[in-house]
Participant: 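First the structure, which I've put down as structure tokens, then a few questions once you've had a look.
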Amino acid sequence: MTAEKPEPSAPAPTDFIRDIVAAHVAEHRYPRIVTRFPPEPNGYLHIGHAKSICLNFGIARENRGQCNLRMDDTNPTKEDVEYVESIIADVQWLIAGWADHCLGFKLKGQTPEMRPVDGQPDFYLAATAAMPGGAPPSALALEPFYASDYFGQIYDYALTLIRKGQAYVCDLSPEETERYRGSPDQPGMDSPFRGRTVAQNLDLFQRMKAGEFPNGARTLRARIDMTAPNIWLRDPVIYRIRHAEHHHTGAAWCIYPMYDFAHCLSDYIEGVTHSICTLEFEVHRPLYDWILTSLDLPRPLPHQYEFARLNVGYTVMSKRKLLQLVQEKIVNGWDDPRMPTICGLRRRGVPASALRDFAYNIGVTKFDSLTDVAVLEHSIREELNQSALRRLAVLRPVKVVLTNIPAGDVIPCTAINHPANDAAGTRPLALTREVFIEADDFQENPPPKYFRLRPGGEVRLKYACIIKCDEVVKDAAGQLVELRCTADLASRTGGPNAGRKIKGTIHWVSAVQAIDAEVRLYDRLFTVPEPGAGADFKEFINPHSLETVTAKLEPPLRTARIEERYQFERLGYFTLDADSRPDHLVFNRTITLKDAWAKAPGAK
RNA sequence: UGCCCGAUGGUGUAAUGGUAGCACAACGGACUCUGACUCCGUUUGUCUAGGUUCGAGUCCUAGUCGGGCAGCCA
């Protein structure tokens, strides 16, 4: 069980984009605020997307608006349903209980309807009513929006542009197109096909659609200005020929619109008001606006706003690099708990609320920054400290024999489930003659200020009693076999000497009752703050990013379930892994507790 | 050397012409049956040079540094 914490009552975030939205709300510029989260289904979502999701859904949520989930699927050669499914699941998980009422989905199979505005033809596709929290969209015959659902309308818009003389079919090869484009400090040259008549263009474009030409033979280009200082205004390609099966539209098309042409129109069709994207699209904004204004559309136009993408220390964020980690089996799949993917973080045990808190803390600006992982770690610990139930577990067991407790005796103890939440209750623990303690909690020749167990020293077994180390038993090779100690039963919790002052308190489990579990201890995947900065990020892979141990757990952990998160006292936060089976438990360490001792000069 | 964008402690962010604040990190202390949590405290900042103004982190000009843009990718 996990104690539910209400969403932090932090004040609503502010940032330059929310300021803009607030101003628009104040002047009633739009009847309703509509944002969208438009991933291309060619990879798994990562924590950088989480920032965008929290921004877009956050704005919708704060303004009683809606945020459409839209597959930006205009390139059939790179996309796959595997990715659309994972994207839907990740988004729903991230916003569950927070913004699911703002999530815009549509009826399955629905496409834009022709709805004249003031006598002018217009295409529009509204989201259906709000989704009940967490329900799989398929169960309700709902699905996300797809840019590919608008191919028909986008094609019509292209025809309109051609008729207005603002688009033409160009026969230049890819190489020639590049050459004609010029360079940033060198103006481009007009394509020799720029002067084709409307009739020729219409004919050629329709034949492109009909499949008469091979890949790359022709393109449709916007006719803007080959000498524009902004390269994206130098007659950009807006349609290309691709004889390829599309994951959503099948074989219906062999020409596909480019991002710039499809994106602004998709926003318009869905009635998006604020189209929020990352900084690299800033130079595309004039084109976004050019397309929309060129079409004389009857409804209010969406506008694009840009913010800086997220960078986090000691990780990589590019889809290409993440894909490489997966394909080269450096990690075990997209949801490997070391991955910065949403499903990886989820599997690792990071709660969605921690990711939201993180997004809240880092803010939104146009500054290209590198966020310290400590900020993420802080959000995770803060959330888990409040919600995770406490348990005792020993990762690297050392046997302790309590010589004054007869074998077979069971001394009942009571452990608190959550120190800050009485309602979480207590649970019984059994103190027996043999227990395990953590290897780190005993040292034969300890450094100064070490207040755990040492020969002749005392330490408290949490929730049980104080023990004194009488004897260190080693084998012929000098390896530690067991510690023989005496238990001061009068110091038992609730006993007459319970208040006896002792500096160290350590965790333990009963050797006879403890259950075994595989525990996976994760560390950062890279050894340097910016692994992606150099030529080859793989040379910075941390060889110790995963360590597996066989731990001893207190028995109630046998019934732990996925998505339940526990604090193993003094160690960190842990959660059951999907690989776990009843006869072979597997736990992931989400994150360690902060450890002031580990930083102390005396600690090894 | 074309166009666009940015620059506030170690890191991230706020201050919207009027006392440079918050978070993380670091460091010190208190508390502690988790070396956790919590609490208290400390250190560290407006890229540079001019200008406007009673007053500039904020406005203007120039420079410096950083990022983005030349896919028939998004």
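Note on naming: letters A, B, ... go to the chains in the order of the sequence lines (proteins, then strands), and numbering restarts at 1 for each one.
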Participant: Please pick, from B:U32, B:G12, B:G2, the nucleotide with the shortest atom-to-atom distance to any side-chain atom of A:Phe367.
Facilitator: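 The answer is B:G12, which lies nearest to the side chain.
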Participant: Rounded to the nearest 0.5 Å, what separates atom CG in A:Asn497 from atom CD1 in A:Ile502?
Facilitator: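 Going from the CG atom of A:Asn497 to the CD1 atom of A:Ile502 covers 11.0 Å.
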Participant: Given B:C33, is OP1 or OP2 found less than 4.0 Å from the side-chain N or O atoms of A:Thr493?
Facilitator: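 Checking B:C33 against A:Thr493, no side-chain N or O comes under 4.0 Å of OP1 or OP2.
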Participant: On a whole-Å scale, what distance lies between the P atoms belonging to B:A36 and B:A30?
Facilitator: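 About 13 Å, rounded to a whole number of Å.
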Participant: Select from A:Gly494 and A:Gln186 the residue whose nearest nucleotide in RNA chain B is closer to the 5' end of that strand.
Facilitator: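 First, find each residue's nearest nucleotide; the 5'-ward one identifies A:Gln186.
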Participant: How does RNA chain B look in dot-bracket form if you count Watson-Crick and G-U pairs under 3.5 Å, write [ ] for pairs that cross, and put | where a base pairs with another strand?
Facilitator: .((((((..((((....[..)))).(((((.......)))))....(((((..]....))))))))))).....
Participant: Taking the inter-plane angle between the rings of A:His246 and A:Tyr256 on a 0 to 90° scale, is it parallel (under 30°), tilted (30 to 60°) or perpendicular (over 60°)?
Facilitator: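 Correct class here is parallel.
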Participant: So with a 6.0 Å cut-off around CZ of A:Arg454, is the heavy-atom count from everything else above 12?
Facilitator: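 Counting neighbours around CZ of A:Arg454, more than 12 heavy atoms of other residues, nucleotides or ligands fall under 6.0 Å, so yes.
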Participant: Relative to each other, are the rings of A:Tyr239 and A:Tyr155 parallel, tilted or perpendicular (30° and 60° limits)?
Facilitator: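 Aromatic pair A:Tyr239/A:Tyr155 classed perpendicular.
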Participant: According to the interplanar angle, ranging from 0 to 90°, do the rings of A:His284 and A:Phe281 count as parallel (below 30°), tilted (30 to 60°) or perpendicular (above 60°)?
Facilitator: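 Ring orientation of A:His284 relative to A:Phe281: perpendicular.
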Participant: Please determine which of A:Tyr146, A:Tyr150, A:Tyr83 meets the ring pair (Phe, Tyr, Trp, His ring centres under 6.0 Å) test together with A:His248.
Facilitator: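 So, applying the ring pair (Phe, Tyr, Trp, His ring centres under 6.0 Å) to A:His248 and each of A:Tyr146, A:Tyr150, A:Tyr83, only A:Tyr146 qualifies.
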Participant: With a 6.0 Å cut-off on the ring centroids, do A:Tyr314 and A:Phe526 count as close?
Facilitator: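 Ring centroids of A:Tyr314 and A:Phe526 are no less than 6.0 Å from each other.
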Participant: Could you measure between the two C1' atoms, the one in B:A25 and the one in B:U44, and give it in whole Å?
Facilitator: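 Approximately 12 Å lies between the C1' atom of B:A25 and that of B:U44.
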Participant: So, is B:G71 syn or anti if syn means the angle is within 90° of 0?
Facilitator: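 You should classify B:G71 as syn.
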Participant: I'd like the C1' distance from B:C33 over to B:C37, given in whole Å.
Facilitator: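 To the nearest whole Å, 14 Å.
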Participant: What's A:Tyr450 touching, base or sugar-phosphate or nothing? Going by heavy atoms closer than 4.0 Å.
Facilitator: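 Since a base atom lies under 4.0 Å of A:Tyr450, the category is base.
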Participant: Distances under 3.5 Å only, N/O to N/O: pair up the protein atoms with those of nucleotides 25-28 of chain B.
Facilitator:
residue, atom, partner, partner atom, Å
B:A26, OP1, A:Lys599, NZ, 3.0
B:C27, OP2, A:Lys599, NZ, 3.3

Participant: Is there a donor-acceptor pair under 3.5 Å between the side chain of A:Asp15 and the backbone N or O of A:Arg18?
Facilitator: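 Flag set: sc A:Asp15 to bb A:Arg18 pair under 3.5 Å.
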Participant: One character per nucleotide, please: for nucleotides 62-74 of chain B, 5' to 3', B when the base has a protein heavy atom closer than 4.0 Å, S when only the sugar-phosphate does, - otherwise.
Facilitator: -----SBSBSBSB
Participant: If you only use heavy atoms from C-beta on, which nucleotide in B:G35, B:U34, B:G12 is closest to the side chain of A:Ser369?
Facilitator: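 Side chain of A:Ser369 sits closest to B:G12.
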Participant: Which label fits A:Phe37 and A:His49: parallel for a plane angle under 30°, tilted from 30 to 60°, or perpendicular past 60°?
Facilitator: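 Rings of A:Phe37 and A:His49: perpendicular, as their planes differ by over 60°.
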Participant: When rounded to the nearest Å, what value does the distance between C1' atoms of B:A26 and B:U11 take?
Facilitator: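 Those two atoms are separated by 11 Å.
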Participant: Whole Å only: how far is the CG atom of A:Leu384 from the P atom of B:U38?
Facilitator: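 The distance from CG of A:Leu384 to P of B:U38 comes to 13 Å, rounded to the nearest Å.
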Participant: Does A:Asp595 reach a base, just sugar-phosphate, or nothing at all? Heavy atoms under 4.0 Å.
Facilitator: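 Since only primed, P, OP1 and OP2 atoms lie under 4.0 Å of A:Asp595, the category is sugar-phosphate.
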Participant: What nucleotide among B:G35, B:C24, B:G2 has an atom nearest to a side-chain atom of A:Val375?
Facilitator: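 Closest of the options to the side chain of A:Val375: B:C24.
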Participant: Are any side-chain N or O atoms of A:Arg381 and backbone N or O atoms of A:Thr592, one a donor and one an acceptor, separated by less than 3.5 Å?
Facilitator: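 Yes; judged by distance alone, with no hydrogens or angles, the pair exists.
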Participant: Counting only N and O atoms by type, is there a donor-acceptor contact under 3.5 Å from the side chain of A:Trp508 to the main-chain atoms of A:Lys462?
Facilitator: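 Yes, A:Trp508 side chain to A:Lys462 backbone: donor-acceptor pair under 3.5 Å.
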Participant: For A:Tyr463, answer base if it contacts any base atom (sugar-phosphate contacts may also be present), sugar-phosphate if it contacts only those atoms, and nothing otherwise; contact means non-hydrogen atoms under 4.0 Å.
Facilitator: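 Since a base atom lies under 4.0 Å of A:Tyr463, the category is base.
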Participant: Under 4.0 Å between any heavy atoms, over every strand shown, what does A:Lys462 touch: base, sugar-phosphate, or nothing? Just pick one.
Facilitator: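 The residue A:Lys462 makes base contact.
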Participant: P atom, B:A20 versus B:G28: distance in rounded Å?
Facilitator: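 Roughly 30 Å separates the two P atoms.
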Participant: Base, sugar-phosphate or nothing for A:Leu370? Non-hydrogen atoms, less than 4.0 Å.
Facilitator: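 If one applies the 4.0 Å heavy-atom cut-off, A:Leu370 turns out to touch the sugar-phosphate alone, with no base involved.
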Participant: Check every atom of B:G12, B:G2, B:U34 against the side chain of A:Ile362 and return the nucleotide holding the closest atom.
Facilitator: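 Within the option list, the nearest is B:G12.
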